[in-house]
2 protein chains.
Amino acid sequence: MKARMGHHIAVVALAAALGLAGSNARAADALPSWNNGPAKQSIAAFVERVTAQGTADFVPVAERIAVFDNDGTLWAEQPMYFQLLFALDRVKALAPQHPEWKTQEPFASLLKGDVKAALEGGEPAIMKIVMATHAGMTSDDFDQIVRDWIASAKHPKTGHLYTEMVYQPMLELLAYLRANDFKTFIVSGGGIDFMRPWTEKVYGIPPEQVVGSSGKSSFEMRDGTPVLMRLPEVNFIDDKAGKPVGIHQHIGRRPIAAFGNSDGDLQMLQWTCGAPGRRFCLYVHHTDADREWIYDRNSSIGRLDKGLDEAEAKNWTVVDMKADWARVFAFEP
Amino acid sequence: MKARMGHHIAVVALAAALGLAGSNARAADALPSWNNGPAKQSIAAFVERVTAQGTADFVPVAERIAVFDNDGTLWAEQPMYFQLLFALDRVKALAPQHPEWKTQEPFASLLKGDVKAALEGGEPAIMKIVMATHAGMTSDDFDQIVRDWIASAKHPKTGHLYTEMVYQPMLELLAYLRANDFKTFIVSGGGIDFMRPWTEKVYGIPPEQVVGSSGKSSFEMRDGTPVLMRLPEVNFIDDKAGKPVGIHQHIGRRPIAAFGNSDGDLQMLQWTCGAPGRRFCLYVHHTDADREWIYDRNSSIGRLDKGLDEAEAKNWTVVDMKADWARVFAFEP
């Protein structure tokens, strides 16, 4: 009886907590790392409208789908995509098994420490690096490789774990949306299997709510044990016009809110906000050279050019990181 | 205050309802259309074990993933896959716009009512029918076409709506698993976009938990409005060795329970039960010529041959439909 009472109290407390969400004052409480400006206000206004029962803007819980880009939107992406840093570490780790890499580009340059020269080969060079480091093992083995790396590798500038390089205001936003019965998804150009081992712990987003780029794989029996072998072949690139396709493929519903930071997210925002009913589209604009990085129209990583123009034309919310975020990373003093 | 009290009472009632699930007696209550035999007992025993906290078999809620085939497992598949019947209806509806079909196979035979002759062309013929009826429109248009058909088309033998041709014991099983905090997914060889418009209402399975075969699609702007165009090109076949691949791609976790009825589900069951920890694999065996259909090793639809042997060898649960199900369809007298 005591245990059951405790259960009741916990459930009632949970219900009360959920009941708290939904008014402007409560958004302020739920988003403490957001300065009280137009970005925060637009988020709160949207959430209040779609959760207000009996109004024209009300959206049933099942349709409260929110999609988030990852690189540059939930965690940082400078000085280069973290998954590329993972791949470079893997090239070094695998080099002893690949003596031929000493004379083969882009591996030769990488192993000499000249990342810039290695990447001069452009997309084909990057593909070679990705395939050499992301294929040729089972899904379980790759999962473990990612877990080991993400638990130990440090960011070259800050010295922090990569999972600490996540934006505190965005963590609060994810939690705020979920408290208002949104289902939160990642829709990233990054590798789906590179994200899944840690997104649940870091973002509260389970593997089945992660959409990303992927390679092909094949089901095989090895000594009577079933495995999925990762093949060196592209299956799907979840970027640009691929993002709405990936959303449709994985989620099968049109989101009502989308969050990105680059032109690679533009079609996802167009798809989300280009439908009837109340919708919300937001760009994170990297404007803070001190606490993070400053880049937009001319950056090779996370370029935000067409998207910035379209955000202005369509009245989407643009987060000015420097002005709108009271704190960027949780580790800040 | 009154409203809040009502809310509390509802939440407490919900908690009590959830608290009910999980013991043998309760499984009996939750599965009234299952006769009390070894199949029902094996289901209840599995659910009790993986939900028993503090035991070696306990599985955390997040990992309680259950996957279900659709055709022949959740709804019937005779005299042919219902999606094929949908495609045949679409061919008839579209025929006026395609005068050339009068002389082109497989369309010519179909339009004369000779389905058997049309399907003599095998897989290439079926592909032609599928592409002619499932591609060339937007995702929204296809969604509406499916909704209209599923709301009105009748099964050729029973005269019932196709959504009434679902197995009552399996509906109870889905609900029983969800009451024990399982997340239920469909993993079907059928078309993902053919299932999603109705699975939530019929099975309680939302679009984002449906995995299936798919065609490619492309994101396009039409007069400033974004659309996804369905292309006449295969993207993924979610059958046989494709099922574990589809599971990995969409769910990103290994299921702990899998339910199928044919050799097309064998790899899904192998993948689910071929891992450490307590697992559950079940085959529905079509043994009831009176209430449903009787077929297995020699059927061209839903053949269950290798799977039946492997189920015996690996001690998987095999449902004898005739003996184990007190009721097959809800519409039975």
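Residue contact with chain B, scored on non-hydrogen atoms closer than 4.5 Å, involves the side chain of A:Ile192 exclusively. Contact annotation for A:Phe185: only side-chain heavy atoms (C-beta onward) come within less than 4.5 Å of a heavy atom of chain B. The part of B:Ser214 that comes within reach of chain A is its side chain, from C-beta onward, which places non-hydrogen atoms under 4.5 angstrom from that chain. Looking at A:Gln249, both its backbone and its side chain come within 4.5 Å of chain B, counting heavy atoms on both sides. Only the side chain of A:Lys183 has a heavy atom closer than 4.5 Å to any heavy atom of chain B. In this structure, the portion of B:Val227 lying under 4.5 Å from any heavy atom of chain A is its backbone and not its side chain. Neither the backbone nor the side chain of A:Asp143 comes within less than 4.5 Å of any heavy atom of chain B.
Counting heavy-atom pairs closer than 4.5 Å to chain B, the top-ranked of the candidates A:Pro207, A:Gly224, A:Gly274 is A:Pro207.
A:Thr272 places no side-chain N or O within 3.5 Å of a backbone atom of A:Ala258 that could act as its donor or acceptor partner.
Ring geometry for A:His250 against B:His250 counts as parallel: the plane angle stays under 30°, on a 0 to 90° scale with 60° as the upper cut.
In this structure, A:Glu63 does not pair ionically with A:Arg253, as no charged nitrogen and carboxylate oxygen lie closer than 4.0 Å.
Judged by the 6.0 Å and 45° rule, A:Arg254 forms a cation-pi pair with A:Trp271.
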